[in-house]
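Atoms considered below: every heavy atom in the structure, side chains included; atoms not considered: hydrogens, waters and symmetry mates.
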Amino acid sequence: MDFQGGILQDGSPMESLEKQLICPICLEMFSKPVVILPCQHNLCRKCANDVFQAANPYWQSRGSLISGGRFRCPSCRHEVLLDRHGVYGLQRNLLVENIIDIYKQECSSRPLKKGEHPMCKEHEDERINIYCVTCEVPTCSMCKVFGAHKDCEVAPLQSVFQGQKTELNNCISMLVAGNDRIQTIISQLEDSCQSTEENSEAAKRELCARFDALAALLQEKKAELLQRISQEQADKTAFIQSLICQYKEQLEKSSRLVETAIQAAEETGGAAFLMNAKQLIKTIVEASKGGRLDKIEQGYESMDAFSVSLEHLTEAVRALDFEPAEEDEEYFDGEEEEVEETAAPERTVMASL
């Protein structure tokens, strides 16, 4: 009993405990029911369901015909596989729920420590209890009556505190959602890179199978076409890999900013919080409006343009090349029409002469 009482009287262990009870999605204390993932991390079931629904937009409810889905743990990025019950099939963490109840009871009975509230630098005996709207800084009543803020517009500290904390939480949610989108794009790019490699290998196998049936005359041409496929594969995979690196760098920067914002959001004192909140919010908003990274076009990983037909005469083998795509044929047809239109006036001039 003495040991437990010593822990509860010390603010540091309680603060550490509170950090362990923060949901990585909503950045608030876990709301019951709390579910535990296979990776042993915890989430509010509502938050887990939101992440699951975002990752599986076609999964509608527990009665859906779709067998299940997957999403990544926001703490460790471990992939979580779910059955047809979705997040309702995850086990509740009753231990964490009981700890939350005990923590809330202890926090409600603990008095505030003397000296926790920031004091005015100009009036050392005055607590900071109002917010100067004009100067956008927290201050004390004496500064409003006699000091530097006597001609400024002021507002209750608590109302400004709640407003800016809500704004910061919204910004954090926006960053978290942005990180999830970036992670989804990275996964898609990785899949596209794999598809490009698989399609390239399939195109190589088809090309080799056809050339192996021909005479030695085709060997030189075969090597040339294989080199073109390999070059196309290298160019595409190099471009996709560069995009993956760019997105990972952006994700890392955004994650660091999320950690800074979470630390600021955990500040319980209104005045101390407001001293840094506005600049932090501005930084987050600017980061969210940052430059957009490139994306690959739909069908970028396709290697269909490197398909050939060997049903030609032997005399035409030396001129063998990949079959042009339909878009290329339309482009060449348009060029021929332009040439004919250009040549028609010239024939007219020659006839007049």
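Using a distance-only test at 3.5 Å, with no hydrogens or angles considered, no donor-acceptor pair links the side chain of Q91 to the main chain of V35. Of the possible polar contacts, none joining the K278 side chain to the E136 backbone as a donor-acceptor pair under 3.5 Å is found. Formation of a donor-acceptor pair under 3.5 Å by the S254 side chain with backbone atoms of Q250 is not found in this model. Under a 3.5 Å cut-off, the side chain of S307 and the backbone N or O of D304 do not form any donor-acceptor pair. Of the possible polar contacts, one joining the R72 side chain to the R77 backbone as a donor-acceptor pair under 3.5 Å is found. A donor-acceptor pair under 3.5 Å is absent between the side-chain atoms of N49 and the main chain of R45, judged by distance alone.
Residues N199 and S302 come closest through the heavy atom pair ND2-CA, 4.3 Å. Heavy atoms only, all atoms of each residue included: F30 and V96 are closest at CD1-CG1, 4.0 Å. Closest heavy-atom contact between A277 and Q164: CB-OE1, 3.7 Å. Closest approach of P24 to N42, counting heavy atoms only: CD-O, 3.9 Å. Residues E197 and Q233 approach most closely at CG-NE2, 4.1 Å, considering heavy atoms. Shown here for I128 and P138, the closest heavy-atom pair between the two residues is CG2-CB, 3.6 Å.
A continuous path of hydrophobic side-chain contacts links Y103 to L95 [ILVMFWY only; heavy atoms under 4.5 Å]. Two different hydrophobic clusters hold L94 and L37 under the rule that ILVMFWY side chains link at heavy-atom gaps under 4.5 Å. A continuous path of Ile, Leu, Val, Met, Phe, Trp and Tyr side chains, each step under 4.5 Å between heavy atoms, connects F239 with I185, placing both in one hydrophobic cluster. No single ILVMFWY cluster, assembled from side-chain heavy atoms under 4.5 Å apart, contains both I130 and V160. Linking Ile, Leu, Val, Met, Phe, Trp and Tyr residues whenever their side-chain heavy atoms come within less than 4.5 Å places Y88 and V80 in a single cluster.
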message: Working note: D235 + Q231, criterion side-chain hydrogen bond (donor to acceptor under 3.5 Å, both in side chains); need CA distance, chi angles, decisive distance, verdict.
response: CA-CA 6 Å; D235 293 343; Q231 184 62 46; 2.8 Å; yes
task: Please report the C-alpha distance between L243 and K295 in whole Å, then the side-chain angles of each, then the deciding distance to 0.1 Å, and finally whether the side chain to side chain contact (heavy atoms under 4.5 Å, CB included) criterion is met.
output: CA-CA 7 Å; L243 287 182; K295 297 180 181 179; 5.7 Å; no
- request: Step by step, work out the salt bridge (Lys or Arg N to Asp or Glu O under 4.0 Å) result for R256 and E259.
  value: CA-CA 5 Å; R256 289 198 299 267; E259 294 178 358; over 6 Å; no
- request: Could you give me the CA-CA distance, side-chain angles and deciding distance for T134 and V154, then say whether side chain to side chain contact (heavy atoms under 4.5 Å, CB included) is met?
  value: CA-CA 7 Å; T134 304; V154 297; over 6 Å; no
message: Please determine whether side chain to side chain contact (heavy atoms under 4.5 Å, CB included) holds for the pair S255 and L251, giving the CA-CA distance in whole Å, both sets of side-chain angles, and the decisive distance to 0.1 Å.
response: CA-CA 6 Å; S255 298; L251 178 60; 4.0 Å; yes
- request: Please lay out, stage by stage, how C152 and V133 fare under the test side chain to side chain contact (heavy atoms under 4.5 Å, CB included).
  value: CA-CA 7 Å; C152 299; V133 179; over 6 Å; no
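Relative ring orientation between F52 and F71 is described as perpendicular, the plane-to-plane angle rising above 60° on a 0-90° scale split at 30° and 60°.
Rounding to the nearest 0.5 Å gives a distance of 11.5 Å between OG1 of T139 and NZ of K121. Put simply, CD on Q279 and CD1 on I284 are 10.5 Å apart, with the number rounded to the nearest 0.5 Å. With rounding to the nearest 0.5 Å, the separation of CD in E167 from CD1 in I281 is 4.0 Å. Rounded to the nearest 0.5 angstrom, K248 NZ and Q183 CD are separated by 8.5 Å. In this structure, CD1 in I240 is found 4.5 Å from CD1 in I296, a value given to the nearest 0.5 Å. Here the straight-line distance linking atom CE of M303 with atom OG of S200 works out to 3.5 Å at 0.5 Å rounding.
Residues F306 and L207 are not in side-chain contact: their nearest non-hydrogen atoms beyond the backbone lie 4.5 Å or more apart. Put simply, the side chain of C44 does not reach to within 4.5 Å of the side chain of I25, judged on heavy atoms. The closest side-chain heavy-atom distance from E28 to I22 is not below 4.5 Å. The shortest distance between side-chain heavy atoms of C143 and C120 falls below 4.5 Å. Considering only heavy atoms from C-beta on, L82 stays 4.5 Å or farther from R70 through its side chain. The shortest distance between side-chain heavy atoms of K46 and D50 falls below 4.5 Å. Between I36 and L90 the shortest side-chain heavy-atom distance does not fall below 4.5 Å. Considering only heavy atoms from C-beta on, I100 comes within 4.5 Å of M29 through its side chain.
Around atom NZ of K165, more than 12 heavy atoms belonging to other residues, nucleotides or ligands sit under 6.0 Å away.
Aromatic pair F161/Y131: ring centres not closer than 6.0 Å.
Checking Q194 against E198 by side-chain atom types alone, a donor-acceptor pair falls below 3.5 Å.
Residues E301 and K236 are not paired through a salt bridge, judged by the lack of any N-O separation under 4.0 Å between the basic side chain and the carboxylate.
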